[in-house]
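Contents: one structure, followed by commentary.
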Amino acid sequence: MSTIERPGERTALTEVGPTAVTRGEIRCTNVHKWFGTALVLKNINIAVKEHEFVCVVGPSGCGKTTLLRMLAGLAGIDHGEITIGGQIVSGPLANVAVVFQHFGLFPWKTVYKNVALPLRASGVPKDEISQRVEEALSMVGLHGVDGRYPAELSGGMKQRVGLARTLAMQPEVILLDEPFAAVDAQTREILQEELLRLWSLHHQTAFFVTHSIDEAITLADRVVVMGSKPGTIVDNIEIPMPRPRTVSSVRRDQSYAPLRELIWDRLRGPYHEPAE
């Protein structure tokens, strides 16, 4: 394989263009990323089909979140190309929504205003904003709390507000960066089931970063396993479990234990770059 020289300048980010993503497929082609002189992502090649739910697992520091930020147009690409719906990602794209780990709610705004904020920024008419916000809050089980502030909510409720904000945008693609990592184990499983239910209604293309093998198996159609130093793709593992799913149905499935062991084996290494 030929050596990729580190470019002198990072790819510049551009403003959101007028054209929204209308299809959900994601493609990373020979993507590399440097932080200073350190190569943190090497030769990343991923293809996510429209309506597919893909989870990415890997050790801390392997570049999972960096890759997600590149998909979101929040970090530059030093070499290679990322496209979503056939459009080259050089900055944030309309109809691509991001759910972050730490809720991202403005404490001085009510639940309603937090959910409505990206719709207002996008110029959605006021009447449509009201309808979308009410529908989204109802979908995540938060009907009637629109006038409350984040400080009055539990961690699980805050993350539901984050999901409602994403659903209100009606995106083609959802990028989720360990969205349930900050809540307790019981709430995490409840939110996993909630996400499964919501995804079954809309089937957006989903790219979900997690440290949890159990979470990845529960949610995904396919699990992408990453190795580190630099971050590379170690394996792609199909999850053959039927949908609809629940956390308990996944644990009872006869393929669960072998899949969990397989993913653990891939994570433990040694990490070898896939053959070309």
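- Remark: Phe207 engages no residue in a ring pair (Phe, Tyr, Trp, His ring centres under 6.0 Å) (not counting sequence neighbours).
- Remark: Arg197 engages Glu194, Leu201 in a side-chain contact (heavy atoms from CB on, under 4.5 Å) (not counting sequence neighbours).
- Every side-chain hydrogen bond (donor to acceptor under 3.5 Å, both in side chains) that Thr218 has, sequence neighbours left out, goes to Arg251.
- Taking Ile, Leu, Val, Met, Phe, Trp and Tyr as hydrophobic and joining them when side-chain heavy atoms fall under 4.5 Å apart, one finds Leu117 in a cluster with Phe106, Trp108.
- Judged as a side-chain contact (heavy atoms from CB on, under 4.5 Å), and not counting sequence neighbours, the contacts of His51 are His203.
- For Glu152, the side-chain contact (heavy atoms from CB on, under 4.5 Å) partners at least two apart in sequence or on another chain are Arg148, Tyr149.
- Partners of Thr66 according to the side-chain hydrogen bond (donor to acceptor under 3.5 Å, both in side chains) rule, which considers only residues two or more places apart in sequence or in another chain, do not exist here.
- Put simply, the side chain of Arg160 gets close to the backbone of Val140: a donor and an acceptor are under 3.5 Å apart.
- Every side-chain contact (heavy atoms from CB on, under 4.5 Å) that Gln131 has, sequence neighbours left out, goes to Glu135.
- With side-chain heavy atoms closer than 4.5 Å counting as contact, directly or through intermediates, Ile88 stands alone and belongs to no larger hydrophobic cluster.
- No side-chain donor-acceptor contact under 3.5 Å links Ser212 and Asp214.
- Considering only residues two or more places apart in sequence or on other chains, Arg245 meets the side-chain hydrogen bond (donor to acceptor under 3.5 Å, both in side chains) condition with none of them.
- Under a 4.5 Å side-chain heavy-atom cut-off, the cluster of Ile, Leu, Val, Met, Phe, Trp and Tyr residues that includes Val247 has no other member.
- In this structure, His143 has no ring pair (Phe, Tyr, Trp, His ring centres under 6.0 Å) partners at least two apart in sequence or on a different chain.
- For the 3.5 Å distance criterion, the side chains of Thr210 and Glu215 qualify, holding a donor opposite an acceptor.
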